[in-house]
2 protein chains.
Amino acid sequence: MGASKTHHFSQHQNTIASLAKALAHPARVAIIDYLLSVDTCICGDIVNELPLAQPTVSQHLRELKTAGIIKGNIEGNAICYCIDENVVAVLQAYFAHIAQLLNHKKTNCC
Amino acid sequence: MGASKTHHFSQHQNTIASLAKALAHPARVAIIDYLLSVDTCICGDIVNELPLAQPTVSQHLRELKTAGIIKGNIEGNAICYCIDENVVAVLQAYFAHIAQLLNHKKTNCC
DNA sequence: TTTTTATATTGCAATATTACGATATAGATG
DNA sequence: CATCTATATCGTAATATTGCAATATAAAAA
């Protein structure tokens, strides 16, 4: 086979996995970095900031948008993409939760 | 083509992408969940906790270990895997940093 | 030592991802 | 309207991931 058995896992597990998957490529992390660095949503020149062809960047943007990490609209012949703060909050809470549990852990054999 | 152009991106971007990739499958998120729930490193029965065959679970464990998210040793015919707290700290810091930048953002068009 | 038990590795089929050339789309500009 | 500019989509090749049966490995138990 080869298809992911996503339906065997909880909704939260699938949510985290889906968000992680969206960030599982350095180009998409670079897109997030760039969106943060310009401190604005209007980012019509993302293509020039990345070492990838325009269709590839467009594809990565779509994956980020499908995962819900960025939200955006088309404005004329430019785009307007921004990071969705709520999704960042979900991920931040997830890792904070893990860190907290690990802090309170008793056993530690490794 | 199809090969990832990882060398075109920064080390930090590749690190984040690599860690995200390790969590980009619900089975691996479920493994993390389980490791946290048992509050111990000794987890010889992970296979029974997942709806996947033993070789598949072993493969997911190896991917988590290769990415550095879990560390572990073999102890007899059992295994001893634990979450690496340092890696969790890296991810927690990353998303906290993003959240902070978004909080201080001036423009907000989306 | 043989068997049992538990995990790792190999090999392979099915599917998904990555990248980009070619082309389509759509608003802005002349 | 024709052209320019910027992004999206299509089609396709190369590569990576996913899952498991079969098999290997290795310590514990009989």
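Throughout, a chain's letter reflects where its sequence line sits, starting with A, and its residues are numbered from 1.
In terms of the side chain to side chain contact (heavy atoms under 4.5 Å, CB included) criterion, residue partners of A:Ala96 (sequence neighbours excluded) are, by chain and number, B:Gln92. Residues passing the side chain to side chain contact (heavy atoms under 4.5 Å, CB included) test with A:Thr56 are A:Leu52, A:Ala53, A:His60, sequence neighbours excluded. Residues passing the side chain to side chain donor-acceptor pair (under 3.5 Å) test with B:Ser10 are B:Gln13, sequence neighbours excluded. Considering only residues two or more places apart in sequence or on other chains, A:Gln100 meets the side chain to side chain contact (heavy atoms under 4.5 Å, CB included) condition with A:His104. For the ring-ring contact (aromatic ring centres under 6.0 Å, His included) test, no residue two or more places apart in sequence or in another chain qualifies with B:His97.
Taken over five-pair windows at either terminus, the axes of the helix from C:dT1-D:dA30 to C:dG30-D:dC1 are inclined to one another by 20° (rounded to 10 degrees).
Against DNA chain D, the stretch residues 54-63 of chain A makes heavy-atom approaches under 4.0 Å through A:Gln54, A:Pro55, A:Ser58, A:Arg62.
Within the structure, salt bridge (Lys or Arg N to Asp or Glu O under 4.0 Å) contacts touching residues 51-60 of chain B (residues at least two apart or in different chains) do not occur. Listed by first and then second residue, the salt bridge (Lys or Arg N to Asp or Glu O under 4.0 Å) pairs that reach into residues 22-37 of chain A are A:Arg28-A:Glu63, sequence neighbours excluded.
Comparing C:dG21, C:dT18, C:dT7 by their nearest atom to the side chain of A:Ala53 picks out C:dG21. Side-chain proximity of B:Val47 to the nucleotides D:dT18, D:dT7, C:dT7 is greatest for C:dT7.
We find that CZ of A:Arg28 is positioned 12 Å from C1' of C:dA19, with the value rounded to whole Å. Rounded to an integer number of Å, the gap from CD1 of A:Ile46 to P of D:dT7 is 8 Å. Between A:Ile70 atom CD1 and D:dA8 atom C1' the separation is 14 Å, expressed in whole Å. For the pair B:Leu52 CG and C:dA8 P, the computed distance is 15 Å after rounding to whole Å. Following rounding to the nearest Å, B:Leu64 (CG) and C:dT7 (P) show an atom-to-atom distance of 15 Å. The interatomic distance linking A:Leu50 (CG) with D:dT7 (P) rounds to 12 Å, in whole Å.
Between C:dA6 and B:Tyr81, no contact under 4.0 Å exists linking OP1 or OP2 to a side-chain N or O. Between B:Lys21 and D:dA16 there is no side-chain N or O to OP1 or OP2 distance below 4.0 Å.
B:Ser58 places no side-chain N or O within donor-acceptor distance of the main-chain N or O of B:Gln54, the cut-off being under 3.5 Å.
Counting only heavy atoms from C-beta outward, the side chains of B:Asp84 and B:Ile70 never approach each other to under 4.5 Å.
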